[in-house]
Amino acid sequence: MIRSMAQAIALPRTDPANAQAADDDSAEFIDPQWSRRGSLTFRILAVNVFALGLLTASIYYLDSFRTRLIDEREAQASDEATIIASAAASLPADRQAALLADIGTRQQSRLRLYGPNGAPRLDSFKLAEPSYRLRTPDEEIWRKHAARLLDKTIEAIAGAPPFPEFAEPARDTAKAWPEVIKAAKTGKAVTRIRFAPDRTVVLSAAVPSGDSGEVLLTTSNARDITRIVRAERATLGFVIGLVTMLSILLSLFLARTIVNPLRQLADAAIRVRLGRAREVTVPRLPERSDEIGLLARALSDMSNVLRQKMDSSEQFAADVSHELKNPLASLRSAIEGLGRIEDPALRTQLLGLAEHDVMRLDRLITDISEASRVDAQLARTRFVPIDLGPMIENLVNEREQRGLNAGRRIAYARPRRQVAVVMGEGSRLERVIDNLLDNAVSFSPETGLIEVQATRIDDVVSVRVMDHGPGVPDNDREEIFHRFHSVRPADEDFGQHSGLGLAISRSIILAHQGSLTVCDREDGGKGACFRIELPAAWLNDPAD
């Protein structure tokens with residue numbers, strides 16, 4: 001029986017034989033339940049994005065942490081400068097120097113007091129030993145250079161605002177410090193952040209001191225900010241390292257759950273390609289509901305269909321050889337007899353027999369050609385909406401006009417227009433209906449009635465062709481659709497039919513995602529009933 005490839009759509013089913021084979025073949029890569037559920041795309045993205053997302057979040061966390069830390073120190077520097085300026089303004093000039101020197105040493109900062117004319121009046125670094133020293137990169141070890149490079153990279157990724165570089169002015173006056181100028185104009189504390197040559201933070205705060213027009217400037221090298229941020233970064237780096245290792249392990253595990261079954265499926269496909277389809281059992285992996293499981297079941301179904309196709313092709317070739325031998329043997333006997341027989345009447349009889357065998361061969365070759373090409377042709381055909389109602393009506397009228405019904409009457413109940421609409425190829429569907437009508441005519445008694453019905457129930461269009469002949473025995477209802485299986489009426493000339501009509505008809509219907517079967521007549525009467533069921537095509541605004 002010719003089967004259409006359309007009938008071989010892979011479904012996620014599991015039969016006992018295949019399930020056992022799948023269990024045996026896939027035992028080496030049985031995975032935890034979570035690895036068999038959900039989309040592979042989601043799992044791959046989840047595993048790979050997790051570490052990347054954590055790294056990105058840590059970069060922004062570090063930048064936010066540093067920003068908050070600098071903001072707190074900036075506010076602290078502003079408050080401290082305001083307190084020191086107030087304290088200095090309340091003291092006589094001879095005690096201000098001692099205050100600035102003592103606070104500068106304790107706070108590890110540099111305090112400068114500028115007079116109303118902008119000239120420096122007091123400098124804690126000149127009153128006492130400098131409390132800090134700005135370092136240059138040249139005097140530091142390589143690890144500090146690597147740390148600064150990492151600082152720059154993280155700041156660039158996070159989009160942190162750049163800070164200007166700190167440098168002592170060549171001539172120390174109030175005009176050399178923008179924050180001092182602004183504080184003198186606004187009368188409020190002004191802070192500024194800069195980077196030292198080694199990219200540590202330098203905080204400066206300027207605030208008016210009293211009502212005399214003097215301005216106090218404090219500067220400090222907040223190296224601890226850099227140390228705290230780098231220590232936090234080291235901790236996060238350790239965590240990210242652990243997460244990255246975990247991500248790698250999960251990725252390898254995920255690759256194992258994908259690669260192993262794919263490799264086994266590929267091996268099975270290669271064996272099928274090498275012509276060992278009958279020896280290959282493609283694992284169906286019934287325990288997997290992801291894309292791998294769907295692929296396994298699709299390949300398994302495909303290999304089964306391929307195996308059936310190969311068996312069908314081999315059987316078809318054997319059947320063709322057998323069917324062609326009979327008329328060829330008869331034709332050869334007739335031709336050999338023509339050379340030995342002189343009787344004109346007998347020679348005429350032999351010529352008629354040879355002509356009959358030639359016609360039979362021509363009919364066989366034509367039907368065989370169509371049977372072998374019908375699947376491939378329908379696979380390339382673009383289906384269009386076909387209204388079976390008027391199509392069958394035209395076919396019945398044409399048969400009446402051509403006298404093909406041999407005195408049998410055909411009663412057809414045509415449905416409303418656009419009710420029995422299906423997607424298909426018109427000429428092929430006409431061939432099926434014509435074959436069924438030919439079959440009904442052959443088995444119907446003279447002046448018998450053949451009934452044709454076309455109805456639609458929900459999403460299915462059903463066509464029935466019923467006759468009042470001997471009917472089809474239950475045990476032959478599938479056999480008659482096999483190739484070259486022909487049970488003809490006793491009074492019909494031998495060789496009139498090839499035995500391929502019903503096989504071709506079923507192949508066409510299967511290619512249309514439908515079914516062709518033999519069923520009992522609904523009225524319980526004697527005779528055969530052939531039923532076609534096709535998916536209905538929905539159209540808008542059906543017309544009567």
Side-chain angles (χ1 to χ4, degrees), residues 1-7 370-371 374-375 377-378 381 383-399 404-405 408 410-444 449-469 471-472 474 476-483 485 500-523 525 527-539:
M1 181 178 63
I2 300 175
R3 292 180 56 85
S4 171
M5 287 296 291
Q7 196 73 358
E370 182 172 0
V374 63
D375 281 348
Q377 290 176 345
L378 284 173
T381 301
F383 287 179
V384 297
I386 303 293
D387 192 346
L388 295 182
M391 186 198 79
I392 298 175
E393 184 178 34
N394 294 335
L395 186 61
V396 170
N397 292 336
E398 182 182 350
R399 290 180 62 89
L404 299 179
N405 297 330
R408 281 76 170 176
I410 297 179
Y412 173 52
R414 183 181 72 84
R416 294 181 299 131
R417 290 189 178 275
Q418 297 189 6
V419 169
V421 178
V422 299
M423 298 298 295
E425 205 277 318
S427 62
R428 295 290 183 178
L429 293 176
E430 284 185 0
R431 171 69 187 272
V432 173
I433 302 299
D434 198 37
N435 281 348
L436 296 182
L437 290 175
D438 274 341
N439 189 74
V441 167
S442 298
F443 286 94
S444 292
L449 177 65
I450 299 171
E451 301 167 80
V452 182
Q453 298 175 355
T455 59
R456 178 175 184 159
I457 302 175
D458 297 329
D459 294 338
V460 176
V461 172
S462 176
V463 178
R464 284 181 170 84
V465 177
M466 297 171 286
D467 59 51
H468 292 273
V472 182
D474 292 343
D476 286 337
R477 290 189 175 184
E478 279 299 317
E479 293 294 326
I480 62 173
F481 293 105
H482 292 182
R483 289 187 298 258
H485 182 90
L500 288 172
L502 290 179
I504 293 174
S505 297
R506 173 172 274 191
S507 179
I508 293 172
I509 295 301
L510 289 177
H512 285 75
Q513 306 297 314
S515 64
L516 173 58
T517 57
V518 179
C519 60
D520 295 326
R521 291 177 57 99
E522 293 182 349
D523 57 7
C529 175
F530 286 82
R531 178 177 60 197
I532 300 172
E533 291 187 340
L534 294 168
W538 292 93
L539 296 178

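For reference, positions follow the sequence shown, starting with 1. The model shown is predicted, which means the values in this text are computed figures rather than measured ones.
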Backbone N or O of [Y] within a donor-acceptor pair of the [X] side chain at under 3.5 Å?
| X | Y | result |
| --- | --- | --- |
| H512 | E425 | yes |
| R456 | V419 | yes |
| D387 | R417 | no |
| R414 | P390 | no |
| S507 | A503 | no |

Can you see which heavy atom on [X] is nearest to which on [Y], and at what distance?
| X | Y | result |
| --- | --- | --- |
| L502 | L516 | O-CD2, 4.4 Å |
| V460 | E533 | CG1-CB, 3.9 Å |
| I386 | G424 | CG1-O, 3.7 Å |
| R408 | S444 | NH2-O, 2.8 Å |
| A454 | Y412 | CB-OH, 4.2 Å |
| A440 | D467 | CA-OD2, 3.7 Å |

Handout entry: Residues which pass side chain to side chain donor-acceptor pair (under 3.5 Å) with N397, listed by chain and number, not counting sequence neighbours
Key =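 Side chain to side chain donor-acceptor pair (under 3.5 Å) list for N397, sorted by chain: empty.
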Any residue meeting side chain to side chain donor-acceptor pair (under 3.5 Å) with S505, in chain and number order, not counting sequence neighbours: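 S505 satisfies side chain to side chain donor-acceptor pair (under 3.5 Å) with N435 once adjacent residues are dropped.
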*asked:* Any carboxylate oxygen within less than 4.0 angstrom of a Lys/Arg side-chain nitrogen, looking at R531 and E522?
replied: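 The answer is no: the pair does not qualify as a salt bridge.
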Legend entry - Close side-chain approach of V421 to L388, heavy-atom, < 4.5 Å: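 No; the side chains remain at least 4.5 Å from each other.
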**Q.** Counterpart residues, salt bridge (charged side-chain N to carboxylate O under 4.0 Å, His left out), relative to E451 (two or more places apart)
**A.**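 Partners of E451 by the salt bridge (charged side-chain N to carboxylate O under 4.0 Å, His left out) criterion, ordered by chain and then number, come out as R521.
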>> As a quick check of understanding, evaluate side-chain contact (heavy atoms from CB on, under 4.5 Å) for V463 and I392, giving each step before the final call.
In response: CA-CA 10 Å; V463 178; I392 298 175; 4.0 Å; yes
| said: side-chain contact (heavy atoms from CB on, under 4.5 Å), that's the test. Do V465 and N439 meet it? Break it down for me. | reply: CA-CA 10 Å; V465 177; N439 189 74; over 6 Å; no
Checklist entry - V452 and L436: side-chain contact (heavy atoms from CB on, under 4.5 Å), yes or no, with the steps? => result CA-CA 10 Å; V452 182; L436 296 182; over 6 Å; no
State the [atom1]-[atom2] distance between [X] and [Y], to the nearest 0.5 angstrom.
| X | Y | atom1 | atom2 | value |
| --- | --- | --- | --- | --- |
| I509 | L534 | CD1 | CG | 4.5 Å |
| N405 | L437 | CG | CG | 7.5 Å |
| S427 | D434 | OG | CG | 12.0 Å |

For [X], side-chain contact (heavy atoms from CB on, under 4.5 Å) partners two or more places apart:
| X | value |
| --- | --- |
| L404 | R399, R402 |
| P535 | Q513 |
| T455 | S462 |

Go through the steps to decide whether I450 and M466 satisfy the test side-chain contact (heavy atoms from CB on, under 4.5 Å), and finish with yes or no.
CA-CA 6 Å; I450 299 171; M466 297 171 286; over 6 Å; no
| Can you name the one residue among I480, I433, T517 that meets side chain to side chain contact (heavy atoms under 4.5 Å, CB included) with F530? |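 With F530 as partner, I480, I433, T517 yield a single side chain to side chain contact (heavy atoms under 4.5 Å, CB included), made by I480.
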